[in-house]
Amino acid sequence: MKTRLLVAILLLGGATTVMAQEAMQQPRFFDNWSIGLQGGAATPLKGGPFFKNMRGVAGIDIRKQITPAFGIGAEYNAVVNSSSWKGMVHSTTAFDSSYAGLYGAVNLFQLFQPYGTSNVFDIEAVAGAGWGHFFQTGIPDYNFFATKAGLNFNFNVSDNVTLSVRPSVVFDMSDANVDQASAAYNANTAMFNIMAGVTVKFNDGFKYVLPEYNTDKIAELNAEVNNLRANEAAQLQTIGQLNSQNQAMAAELMQLKNQKPVVVKQTQDFLSTVRYVNFSIGRYNVPADQLPNVAAVASYLKNHPDSKVVIKGYASQDGPIEVNERLANQRAESVKNMLIKKYGISADRINAEGEGIGHMFEEESWNRVAICTLDNDIPVSTETTVRK
């Protein structure tokens, strides 16, 4: 019973666990992509007037969110050509410089929250690397390896739209535009960007969906658990009752073992209902010494008017079979005739028949006999009780 109860509870717990796992929507490859557009200002981090040298910058990025806390993306930013406005050396394009690179973003809030939790506001740490390019006239354009670090302050206005403010620093790693064979972090060749943008997300796959609980199955399992508990309690009560009965029977058995034995002897006495009339070899007339036995049968029949007698004649194995069978019948008839003629017993109370050769006794001479059974051999039982 306890095993069945444990199995039912485990099945109920397993069903609940499975449904809880199915409640989390697993992302697919095409889930959690986003596109962002940004615009703002860029200025040298050091080595010149901060606000005087500020110029416009615009960008675009594409991101894949791997987990709620971590994403990777690619971006392209271009600084608007403003050098020509100030009579400086300038490019022939609308942009002074550009940056294209890859980045990783870690959501600092999601690191400490349950999986899939969304916030109205969160902060991301961003780091990346890419390739920069300067568009110039008079001197050749040049490319440079660049790294980027920054923060994204995100305002999640809906599940799919985020407004953000993105301060960042882009480092020209070409050793101050002199030796491009080495890389170094130099604040004099770094650009500070402050941008604002909007990001549109597609197919957000990090949400929990409402699980479809099979309420009927849960109710069925609960009912089975309750029934098993009730049956267990009933069986424990039954076991307690049986233990009590067992103890009582054990005490009674011990009491009986301590009592002195009582021996009862039973015997069956056929002497009052059976008489034997023995005959000599080859003879069927009742011998003189057997007349008391016939007289005893007659006395019984007279004393019991409703009784009857069955007389069966037998012969020994001496002599031919045909002779012995005839002798057996004659001996039974001889006793019957004596009861009728000498003692006046009615013939309808006597049934005499020959049984042929007898095998009742090991002493062969005893088988020359007529057995008289009174009242169809109903024995008189006697009991003798001996107490020790």
**Request:** Decide yes or no on side chain to side chain contact (heavy atoms under 4.5 Å, CB included) for Asn337 and Lys342, but give the supporting numbers first.
**Result:** CA-CA 8 Å; Asn337 291 331; Lys342 185 175 181 179; over 6 Å; no
**Request:** Please name all residues satisfying ring pair (Phe, Tyr, Trp, His ring centres under 6.0 Å) with Phe171, sequence neighbours left out, ordered by chain then number.
**Result:** Tyr185
**Donor + acceptor pair across side chains of Asp31, Gln65 (<3.5 Å)** = no
**Prompt:** Which side-chain hydrogen bond (donor to acceptor under 3.5 Å, both in side chains) pairs, counting each pair once, include a residue from residues 345-356, with sequence neighbours left out?
**Reply:** Ser307-Arg349, Ser346-Asp348
**Request:** Could you tell me whether a side-chain N or O of Thr67 sits under 3.5 Å from a main-chain N or O of Phe70, the two making a donor and an acceptor?
**Result:** yes
**Asked** Can you tell me how far the CZ atom of Arg275 sits from the OG1 atom of Thr373, to the nearest 0.5 Å?
**Response** 11.0 Å
**Message:** So that I know where these two stand, are Phe144 and Phe134 an aromatic pair - ring centroids less than 6.0 Å apart?
**Reply:** yes
**Prompt:** With distance as the sole criterion, is a donor-acceptor pair present between the side chains of Arg166 and Ser164 under 3.5 Å?
**Reply:** yes
**Tyr276, OH atom: more than 12 neighbouring heavy atoms under 6.0 Å** = no
**Message:** Under 4.0 Å between a side-chain nitrogen and a carboxylate oxygen: does that hold for Asp96 and Arg55?
**Reply:** yes
**Asked** Stepwise, does the side chain to side chain contact (heavy atoms under 4.5 Å, CB included) test hold for Val277 with Val294?
**Response** CA-CA 7 Å; Val277 179; Val294 178; 3.8 Å; yes
**Request:** Test side chain to side chain contact (heavy atoms under 4.5 Å, CB included) on Val274 and Leu374 and set out the steps.
**Result:** CA-CA 6 Å; Val274 178; Leu374 297 165; over 6 Å; no
**Message:** On the six-membered ring of Phe30, is Lys64 placed so that its NZ or CZ lies under 6.0 angstrom from the centre and within 45° of the ring axis?
**Reply:** no
**Prompt:** Is there a donor-acceptor contact under 3.5 Å linking the side chains of Asn227 and Glu224?
**Reply:** no
**Message:** Would a single hydrophobic cluster contain both Phe112 and Ile66, if residues Ile, Leu, Val, Met, Phe, Trp and Tyr are joined by side-chain heavy-atom contacts under 4.5 Å?
**Reply:** yes
Got a list of side-chain donor-acceptor pairs under 3.5 Å for residues 237-253, not counting sequence neighbours?
from	atom 1	to	atom 2	distance (Å)
Thr238	OG1	Ala234	O	3.0
Asn243	ND2	Ile239	O	3.2
Ser244	OG	Gly240	O	3.1

**Fill in**
Given the options Thr162, Asn32, Ile35, Lys201 meets side chain to side chain contact (heavy atoms under 4.5 Å, CB included) only with Thr162
**Prompt:** Can you name the ring pair (Phe, Tyr, Trp, His ring centres under 6.0 Å) partners of Phe361, sequence neighbours left out?
**Reply:** Trp366
**Asked** What side-chain hydrogen bond (donor to acceptor under 3.5 Å, both in side chains) pairs are there with at least one residue in residues 321-334, not counting sequence neighbours?
**Response** none
Tabulate below the donor-acceptor pairs under 3.5 Å that side-chain atoms of residues 121-129 make, not counting sequence neighbours, or state none.
from	atom 1	to	atom 2	distance (Å)
Asp122	OD1	Asn154	ND2	3.1
Asp122	OD2	Asn107	ND2	3.3
Asp122	OD2	Asn156	ND2	3.1
Glu124	OE1	Arg63	NH2	3.0
Glu124	OE1	Asn152	ND2	3.3
Glu124	OE1	Asn154	ND2	3.1
Glu124	OE2	Arg63	NH1	2.7

**Message:** Check this for me: Lys336, atom NZ, are more than 12 non-hydrogen atoms of other residues, nucleotides or ligands nearer than 6.0 Å?
**Reply:** yes
**Request:** Please determine, by modelled atom types, if Asn193 and Tyr99 share a side-chain donor-acceptor pair under 3.5 angstrom.
**Result:** no
**Whether His304 and Tyr300 hold their rings parallel, tilted or perpendicular, with breakpoints at 30° and 60°** = parallel
